Amino acid sequence: MSHELAPRLDPRTIEPARYRAWQEGGYFHVPASAVLEDGREPYVIVIPPPNVTARLHMGHGLNNTVQDVLIRWRRMQGRAALWVPGTDHAGIATQNVVERQLAAEGLHRDDLGREKFVERVWSFVHQTGGVILDQLKAIGASCDWERTRFTLDPELTRAVREVFVHLYEKDLIYRGEYIINWCPRCLTALSNEEAEGAETVGALWHFRYPLAEEAYEAAEIAHAAWEGGEASHADTRGDEDVAAGTTGLNRLEDGRWYVTVSTTRPETMLGDTGVAVHPEDDRYRTLVGAEVELPLTGRRIPIVADAHVDPSFGSGMVKVTPAHDVNDFEIAGRTGLDILDVMNSDATLNDEVPEPFAGLDRFEARDRVLAALDALGLLAGKEEHTHSVPRCYRCDTVVEPRLSDQWFVRMKPLAEPALEAVRDGSISFTPPHWQKVYEHWMENIRDWCISRQLWWGHRIPVWYCECGEVVVAREDPEACPKCGSAALEQDPDVLDTWFSSQLWPFSVFGWPEQTDDLKAFYPGHAMVTAPEILFFWVARMVMMGYEFHGKAPFSQIYLHGTVRDAQGRKMSKSLGNGIDPLEVVHEFGADAMRYTIVSQCAVGTDISLDHEDVEAAFANGRNFANKIWNAGRFALLSLGEGPVRPLSEVEDALELEDRWILTRTTIAGRTATRALERFRLHDAAEGLYHYFWGDVCDWYLELVKGRLGPDADDASREAARSTLVTVLDRAFRLLHPVVPFVTAELWTRLPWPEGADRPEDLIVAPWPDGVDGFEDADAERGMRDVQSLVVEVRRLRKEYGIPEGERITVHVTGAAAGLMDALAAQATALERLARIGRVAPAPGEGVGAHAVLESGAELFVPLEDVIDISREAGRLRDEIGRLEGQLESTHGRLANEKFTSNAPADVVQKERDKAQQLEEQGAKLREKLAGLEAGRS
RNA sequence: GGUCGCUUAGCUCAGCUGGUAGAGCGCUACGUUCACAUCGUAGAUGUCGCAGGUUCGAGUCCUGCAGCGACCACCA
């Protein structure tokens, strides 16, 4: 059977079949009864649901590989490991996709009307949505597909309703007119999180507004006080600025008084309803209550005092546009200024503005306003100004702050337990520094605008009656409870897509029904996601967990990095620097991709992959998978067909390398377990890589080759066979979470010791945590000697150019106890590995190559015939020099009384031993050098 | 402006509780030894950003500086 294995791993021939076998075996599915009846300890991860229209990209590859590694590992540990998959309806994103399709047909959503449009989106979702879940199968994701959920499923919609009504009844949801972030392209409100600031170099313009004549007297008083230096907020600018009119109050050559204000959005001046100064600002105290003439509009607007104004910024005077700026809106609320909305929803100016500007786009209006003010001589200056301009996270359009009637969630009360949870350790972050970021956000949390002027999403469960009654209900009401009218109108808006996502950890289990699933699987354990959605999603899930269940939805938040290209740029569709994970799977296999990702997945760091050389980017993983394949292939071939005896029966015949590799295996399991427990996936993967490639392949397989052949002693062969089977079984288990396919393929073909129970599949084989495995410290020490001897001999052979075929004799002296026995026992192996003819205990004489082993033993290879004596002498001198350097620093340390008295005793002792060892080595080398030089003369 | 993080071999990065540095890729040399050339063997490469401090001893702790990055808030 084993001879049919190809010399190269071809993932395409094994991966799909293996995945199918797992699915058919039902290994991914975890029923509630596993926990409630069988009493198994659950381990639950809910997937960060990708957008239903999404296609798999490397970010998903990373995110889901991490989750799958954790789930597979926990499943092998015997936990009821459940990974719930699903997709998010992704309000704006999905609506945008369908709108683009319509646009290609020359249509707008209004042409269809709401009902038809939503139907269209549904059919789009049914046809092409959820593809990403199938794509996840290709990378090996072991989700419980029977539990696949969609945020718009009826059950989840029910959860949304329940939450909305509950929060409304608790007065945690309210409706109000506030300045919100408005996307003039998507024509909807956005939350603060959805309006992403983009650092932009823009301009700050200074305008002059003429003061109304009645206020000239006040102006003169103010100005006099100011010039006389009595004003408490003396302008820090120089005279030039005053002359240029960039200070707040000036009389120009025309004899009129002007105030100066500044803005980065000149078009908003058309909506100004006031000018504000700080109440304590003595420069302008007398002007409060006066009026200015708002240019271009013919309107007069008052000067008011408000503490929000920063007297030291600019002129200390602020134009106030309440309908188009958050702060200005608040100022208006406090000071009673009018609120004048001058924009339409598409960010064109409306009829509230004078004729020439009405109907213009905001940016065109900006230019026109500037030109008009300039023509009037009211443009006082312009500065370069770098600030962050908010843009729509979906379409990148500049967001317009706009006065609007929206629904909000009152967040402060919800945030309190969520904040407490991380402070008392109920929830931990990996890496830990995110906790501070989270806390900071929670502490400064602001109300969440949840209504969206979209058609695709959860309709807000609020109905309005002609009688004025507002009905907020879990079920669609038939009639108005107050007047009985059936003419109820449902609120046209839908909820922010994150409103339903935040319920995901429990809505997927059927809440608000008290289902068995909920009892078994809530709360979950790990939340694996990217830091970008910490606020969008993670924080809100925590808040909802506490509000509706009194406990956190998960206990560990693991935030992995971002996938970047070779230049360190984030992979993105728009940059065209992405790598298609499916292509990688097709070319190199899912195992190759998974190992490459996981091995780079150090806590808190990004992973970088070169999109221009995909082969190189994944070579490491591909090579490793192939190495596993070939090691397995060789083992299967060498093991032959005969029965394999259990390790316990051959224990007496175990040789050094057997005991050693069994020990290494135990330690590898222990190390990997510790790493996984701490989310150190990179450490776990790299540790196992070196264990398998180095210990198992480079050393063990090479050492036992001779013992597996027909010439070998029976007892030795059987010991080797048992050991090899045991080691590979354990190794495949340990590697399985990271590289599930190749390990499973080989494991199922592995012969099994007679009489031993075989797990029905590798995917559920018990995880070797290394707690009670075979361990033999002597074997480790002995093997280290063998290894260092082999390495040194190889090095010497190389150094002196001794041909491959030529056997040499090696003398070993000063051997640590047992070394010679070990070496003698390994004679054949040593011959094979280091091309040694004989290992002799006698000290070497004459000219030869010399080395000191790690154990302190000295190695001497007589090489009169092959070496260049003067070169060897030089080498010895270098060696002696190096030893002396080390000795000096060691002696220096020992001579330091502070060291000997302060450092721990064992450290000092170690230092003494080292010094002695170095001295002995140095003496021997000097002797050797003397001999060499004598021999030459 | 605030907060947090990063700066270690040519590249990408590891280095947990302080004891004179590691991996992968790349590079050099040799090798068609019958599991694997997607391989093997051996080798080279670092004043661990700069300046101070604590310590017997500091990539490892503290302070300051410089450069880079992220997040939050925005001053009109």
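None of the values given here were measured: they were computed from a predicted structure. Residue numbers begin at 1 in each chain, while the letters A, B, ... track the order of the sequences.
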Q: Hey, is the side chain of Glu702(A) pairing donor to acceptor with the base of A35(B) inside 3.5 Å?
A: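 Answer is yes: a donor-acceptor pair is held.
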Q: What's the NZ-C1' distance between Lys570(A) and C71(B), to the nearest Å?
A: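 These atoms are roughly 12 Å apart.
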Q: Whom does U63(B) pair with, Watson-Crick or G-U wobble, provided both distances fall under 3.5 Å?
A: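 Base partner found: A51(B).
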Q: What interatomic distance, in whole Å, is found between C1' of U8(B) and the corresponding atom of C50(B)?
A: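 Here C50(B) and U8(B) have their C1' atoms 15 Å from each other.
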Q: Determine the contact category for Phe535(A): base if any of its heavy atoms lies under 4.0 Å from a base atom, sugar-phosphate if only primed atoms, P, OP1 or OP2 are that close, otherwise nothing.
A: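 If one applies the 4.0 Å heavy-atom cut-off, Phe535(A) turns out to touch the sugar-phosphate alone, with no base involved.
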Q: In whole angstrom, give the distance that lies between atom CZ of Phe429(A) and atom C1' of G5(B).
A: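 After rounding, the reported distance stands at 16 Å.
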Q: Name the nucleic acid region contacted by Arg446(A), choosing base, sugar-phosphate or nothing; use a 4.0 angstrom heavy-atom cut-off, strictly under.
A: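 Contact class for Arg446(A): sugar-phosphate only.
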Q: Using atom CG of Asn444(A) as one end and atom C1' of C71(B) as the other, report the distance to the nearest whole Å.
A: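 Spelled out: CG on Asn444(A) to C1' on C71(B) is 13 Å.
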Q: Which residue lies toward the 5' end of RNA chain B, Trp441(A) or Asn630(A), if each is placed at its nearest nucleotide?
A: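 Closest to the 5' end, via its nearest nucleotide, is Asn630(A).
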Q: Quick check: on RNA chain B, is the nucleotide nearest Lys436(A) upstream (toward 5') of the one nearest Arg678(A), or the reverse? Name the residue that is more 5'.
A: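 Between the two, 5'-proximity favours Lys436(A).
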Q: With rounding to whole Å, what would you report as the distance between U41(B) and U54(B) at their C1' atoms?
A: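 Roughly 47 Å separates the two C1' atoms.
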Q: When the C1' atoms of G1(B) and U63(B) are compared, how many Å lie between them, rounded to an integer?
A: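 Those two atoms are separated by 23 Å.
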Q: Report the residue from Arg366(A), Lys319(A), Arg362(A) that forms a side chain to side chain contact (heavy atoms under 4.5 Å, CB included) with Thr268(A).
A: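 Exactly one option meets the side chain to side chain contact (heavy atoms under 4.5 Å, CB included) with Thr268(A), and it is Lys319(A).
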Q: Taking atom P of A73(B) as reference, at what distance in whole Å does atom NE2 of His308(A) sit?
A: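 Nearest whole value for this atom pair: 14 Å.
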Q: In terms of the angle between their ring planes, are Tyr689(A) and Phe624(A) parallel, tilted or perpendicular, with boundaries placed at 30° and 60°?
A: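 Plane angle between 30° and 60°, so tilted.
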Q: Could you measure between the two P atoms, the one in A58(B) and the one in C62(B), and give it in whole Å?
A: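 My reading of the P atoms in A58(B) and C62(B) gives 15 Å.
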Q: Take atom C1' in G19(B) and the same atom in C13(B), then report the distance between them in whole Å.
A: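 Between the two C1' atoms, the distance is 24 Å.
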Q: Leu559(A) has an atom CG; how far is it from atom C1' of A70(B), in whole Å?
A: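 My rounded result for the distance is 13 Å.
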Q: Looking at Glu792(A) and Arg795(A), is there a salt bridge between them, counting it only when a charged N and a carboxylate O are closer than 4.0 Å?
A: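 Here Arg795(A) pairs with Glu792(A) in a salt bridge, since their nearest N and O are under 4.0 Å apart.
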Q: Syn if the chi torsion is within 90° of 0, anti otherwise; quick check, which is G67(B)?
A: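 Anti conformation here, the glycosidic angle of G67(B) being more than 90° from 0.
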Q: Provide, to the nearest angstrom, the distance between the CG atom belonging to Leu636(A) and the P atom belonging to C36(B).
A: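 Result: 14 Å.
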Q: So, are Arg678(A) and Asp683(A) salt-bridged, with charged N and O less than 4.0 Å apart?
A: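 Salt bridge between Arg678(A) and Asp683(A), a charged N being under 4.0 Å from a carboxylate O: no.
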Q: Distances under 3.5 Å only, N/O to N/O: pair up the protein atoms with those of nucleotides 7-13 of chain B.
A:
{"residue": "U12(B)", "atom": "O3'", "partner": "Ser608(A)", "partner atom": "OG", "Å": "3.4"}
{"residue": "U12(B)", "atom": "O2'", "partner": "Ser608(A)", "partner atom": "OG", "Å": "3.0"}

Q: Which whole number of Å gives the distance between the P atom of A42(B) and that of G18(B)?
A: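 My reading of the P atoms in A42(B) and G18(B) gives 34 Å.
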Q: Expressed as a whole number of Å, how far does the P atom of C65(B) sit from that of C4(B)?
A: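 To the nearest whole Å, 14 Å.
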Q: Under a 3.5 Å cut-off for both distances, is G46(B) Watson-Crick or wobble paired, and to whom?
A: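 None - no nucleotide pairs with G46(B), as no candidate has both distances under 3.5 Å.
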Q: Using both distances under 3.5 Å as the test, list the Watson-Crick or G-U wobble partner of U33(B), or none.
A: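 In the structure as shown, U33(B) has no Watson-Crick or wobble partner.
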Q: Output the rounded distance in Å from CG (Leu701(A)) to P (C34(B)).
A: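 Going from CG in Leu701(A) over to P in C34(B) covers 15 Å.
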Q: What's the spacing between Ile628(A) CD1 and Leu746(A) CG if we round to 0.5 Å?
A: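 If I round to the nearest 0.5 Å, the distance is 8.0 Å.
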Q: Find the distance Arg797(A):CZ to G31(B):P and express it as a whole number of Å.
A: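 One finds 14 Å between P of G31(B) and CZ of Arg797(A), rounded.
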Q: Does the side chain of His387(A) get closer than 4.0 angstrom to OP1 or OP2 of A76(B) through an N or O atom?
A: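 Affirmative; the distance criterion is met.
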Q: Base, sugar-phosphate, or nothing: which does Val261(A) touch, judged by heavy atoms less than 4.0 Å apart?
A: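 Here Val261(A) touches no strand at all.
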Q: Can you pull the salt bridge (Lys or Arg N to Asp or Glu O under 4.0 Å) pairs that have at least one residue in residues 684-696 of chain A, sequence neighbours excluded?
A: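 Qualifying pairs, neighbours excluded: Arg664(A)-Asp695(A).
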Q: Taking the C1' atom in each of G57(B) and C11(B), what is the distance between them to the nearest angstrom?
A: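 Their C1' atoms lie roughly 33 Å apart.
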Q: Evaluate the ring planes of Phe732(A) and Phe692(A), with Trp represented by its six-membered ring, and classify them as parallel (under 30°), tilted (30 to 60°) or perpendicular (over 60°).
A: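 Phe732(A) and Phe692(A): tilted rings.
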Q: From Thr263(A) OG1 over to Leu204(A) CG, what is the distance, rounded to the nearest 0.5 angstrom?
A: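 Spacing of OG1 (Thr263(A)) from CG (Leu204(A)) equals 7.5 Å.
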Q: Heavy atoms under 4.0 Å, any strand shown: does Thr264(A) hit a base, just sugar-phosphate, or nothing?
A: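 Touches sugar-phosphate only.
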Q: At under 4.0 Å between heavy atoms, what does Asn620(A) touch on the DNA or RNA strands: base, sugar-phosphate, or nothing?
A: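 Sugar-phosphate only.
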Q: What pairs of nitrogen or oxygen atoms, one from the protein and one from nucleotides 38-40 of chain B, lie under 3.5 Å apart?
A:
{"residue": "U38(B)", "atom": "OP1", "partner": "Arg8(A)", "partner atom": "NH2", "Å": "3.0"}
{"residue": "U38(B)", "atom": "O4'", "partner": "Arg622(A)", "partner atom": "NH2", "Å": "3.4"}
{"residue": "U38(B)", "atom": "O4'", "partner": "Asn623(A)", "partner atom": "OD1", "Å": "3.2"}
{"residue": "U38(B)", "atom": "O2'", "partner": "Asn626(A)", "partner atom": "ND2", "Å": "3.0"}
{"residue": "U38(B)", "atom": "O4", "partner": "Arg8(A)", "partner atom": "NH1", "Å": "3.2"}
{"residue": "C39(B)", "atom": "OP1", "partner": "Asn623(A)", "partner atom": "ND2", "Å": "3.1"}
{"residue": "C39(B)", "atom": "O3'", "partner": "Lys627(A)", "partner atom": "NZ", "Å": "3.3"}
{"residue": "G40(B)", "atom": "OP1", "partner": "Lys627(A)", "partner atom": "NZ", "Å": "3.2"}
{"residue": "G40(B)", "atom": "OP1", "partner": "Trp693(A)", "partner atom": "NE1", "Å": "2.3"}

